[in-house]
Structures are given as structure tokens and as C-alpha cells.
Amino acid sequence: MTKKIALLAAAATMAFGASSAQAATASADATATILQQITVTKTSDLAFGTIVVGATGGNVTVANDGSTALVCAAALACSGTNTAAAFSVVGTVGETVTVTVDPSVTLTSGSNSMTASLNPSYSGAHVLVASDVLRVGGTLPVAANQASGVYSGSFDVTVNYQ
């Protein structure tokens, strides 16, 4: 009987010892990255200026490079102020964002309308820089004998961290 107790004690010691010998411990680090909230602030609107149209229409194009360059079809007379829309984009410098700009904007005056295609200075993936400015130009097709009026519409710009 003493022999059996000794054997059981030895077996129990080996079992507990084997379990402790196989135990392992690992550590992991915990991290967090804090990014500045993105803000997008309009600093100027897209303006195609004043357009005089007759029996023949054409396109009016505002550049997206910050210049006041305007391309006016020969059949049209263009004057007044023209500017690209501009947006100040602020976030964590060096981080990549996704920029989405509506592809077009419909300008209406009463029941009359025209749709301009938009041309942003950048879109898709973009790395934020200090004093980041997104400019949006566009091309407005003006139909022959387009009805007179003050035409307006709005479009969206969305910026999100990737």
C-alpha cells in the first residue's frame, strides 16, 4: 500500500511539474493613433461669370488651378468675375485621405437648367499637407438661346481618412 501511495505521489508530482514546464506567457503592446478631425471649409464659390448667348451655344470653362483663366466659346461673350471653388482642408498633416467631389452640378433658374461637369484639382487618395487647398473648376455647356436668368446650384466635397 505504501508503494502505491508513493507511486501516486510521484505521478502527481510529474503531472503538475509537466504542466508548469509547458506553460508560456507572452505580452502585447497597446497602441492608439489620434488624428485631428478633418474640416473642409469653403473659401470661394465656383463662378462662371456673365455669359451672353445667341443662336449658337458653347462651353465656358473655369480652370481649377487658382488662376482666373476662363475659356469661353467663340459664339459666347463672357465677362465678369470667374473663379474656381476653393476649400481649405485641415487634418493631420502627412495622413492619407480620400477626396470625393460630385462629378457635376446642375444650375437652375426657375424651370431652366444647365449642368456643369466639375474638375477638382485633386481627388481620390491624397496626402494632407499644411495649408491644403482643394480647388474645383468646371465646364458649363450653354445651349443656343439659353433662357436668361441667374442660375445657381450646389455640389458636395467629402474628405475622409483612409
Side-chain angles (χ1 to χ4, degrees), residues 23-162:
T25 301
S27 296
D29 294 330
T31 63
T33 301
I34 307 298
L35 300 177
Q36 180 181 359
Q37 183 174 348
I38 296 173
T39 60
V40 180
T41 306
K42 177 191 73 166
T43 57
S44 69
D45 289 314
L46 174 59
F48 289 96
T50 301
I51 304 161
V52 178
V53 64
T56 305
N59 290 338
V60 177
T61 301
V62 174
N64 68 3
D65 61 2
S67 69
T68 57
L70 178 73
V71 177
C72 185
L76 305 173
C78 298
S79 63
T81 302
N82 61 81
T83 59
F87 299 87
S88 171
V89 180
V90 177
T92 301
V93 172
E95 289 295 320
T96 302
V97 295
T98 300
V99 178
T100 306
V101 178
D102 288 346
S104 62
V105 58
T106 299
L107 307 166
T108 60
S109 176
S111 62
N112 301 303
S113 65
M114 300 182 286
T115 299
S117 60
L118 299 176
N119 181 23
S121 56
Y122 59 82
S123 63
H126 175 76
V127 177
L128 289 175
V129 297
S131 303
D132 215 324
V133 176
L134 169 65
R135 290 185 175 80
V136 181
T139 299
L140 179 65
V142 180
N145 296 312
Q146 182 73 43
S148 297
V150 176
Y151 288 75
S152 63
S154 63
F155 62 93
D156 291 327
V157 170
T158 304
V159 182
N160 286 313
Y161 286 111
Q162 283 190 347

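For the residue pair Thr115 / Thr106, a side-chain donor-acceptor distance below 3.5 Å is found, with atom types taken as modelled.
Surrounding CD of Gln162 are more than 12 heavy atoms belonging to other residues, nucleotides or ligands, all under 6.0 Å away.
In this structure, Leu134 and Ser121 have side chains that are in contact, with non-hydrogen atoms separated by less than 4.5 Å. Side-chain contact between Leu118 and Leu46: present, with at least one pair of heavy atoms (C-beta onward) separated by less than 4.5 Å. In this structure the side chain of Tyr122 reaches within 4.5 angstrom of the side chain of Val89, judged on heavy atoms.
A donor-acceptor contact shorter than 3.5 Å is absent between the side chain of Thr139 and the backbone of Ser117. Using modelled atom types, one side-chain atom of Thr83 and one backbone atom of Asp45 make a donor-acceptor pair closer than 3.5 Å. In this structure a side-chain-to-backbone donor-acceptor pair under 3.5 Å is missing from Asn64 to Arg135. The backbone N or O of Ser67 lies less than 3.5 Å from a partner atom in the side chain of Asp65, making a donor-acceptor pair.
When every heavy atom of Val101 is checked against every heavy atom of Pro120, the shortest pair comes out as CG2-CB, 3.8 Å. When all heavy atoms of Ser148 and Tyr151 are compared, the pair lying nearest together is C-CE1, 4.3 Å. Of all heavy-atom pairs between Ser109 and Gly149, the closest is OG-CA, 3.5 Å. Between Tyr161 and Leu128 the shortest heavy-atom distance is CE2-CD1, 4.3 Å. Looking at every heavy atom in both residues, Ala143 comes nearest to Val53 through O-CG2, 3.4 Å. In terms of heavy atoms, Ala116 sits closest to Pro141 at CA-CD, 4.3 Å.
Of the candidates Val60, Val71, Val52, Val60 is the only one forming a side-chain contact (heavy atoms from CB on, under 4.5 Å) with Cys78.
By the side chain to side chain contact (heavy atoms under 4.5 Å, CB included) test, Ala73 pairs with Leu76, sequence neighbours left out.
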- prompt: Can you list the steps and then say if Met114 with Val142 is a side chain to side chain contact (heavy atoms under 4.5 Å, CB included)?
  reply: CA-CA 7 Å; Met114 300 182 286; Val142 180; 4.2 Å; yes

- prompt: Could you walk me through whether Asn59 and Thr61 pass the side-chain hydrogen bond (donor to acceptor under 3.5 Å, both in side chains) check?
  reply: CA-CA 6 Å; Asn59 290 338; Thr61 301; 5.7 Å; no

query: Should Phe155 and Val136 be marked as a side chain to side chain contact (heavy atoms under 4.5 Å, CB included) after you check the CA-CA gap, both sets of side-chain angles, and the distance that decides it?
result: CA-CA 10 Å; Phe155 62 93; Val136 181; 4.0 Å; yes

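Ile51 contributes atom CD1, which lies 8.0 Å from atom CG of Leu70 (distance to the nearest 0.5 angstrom).
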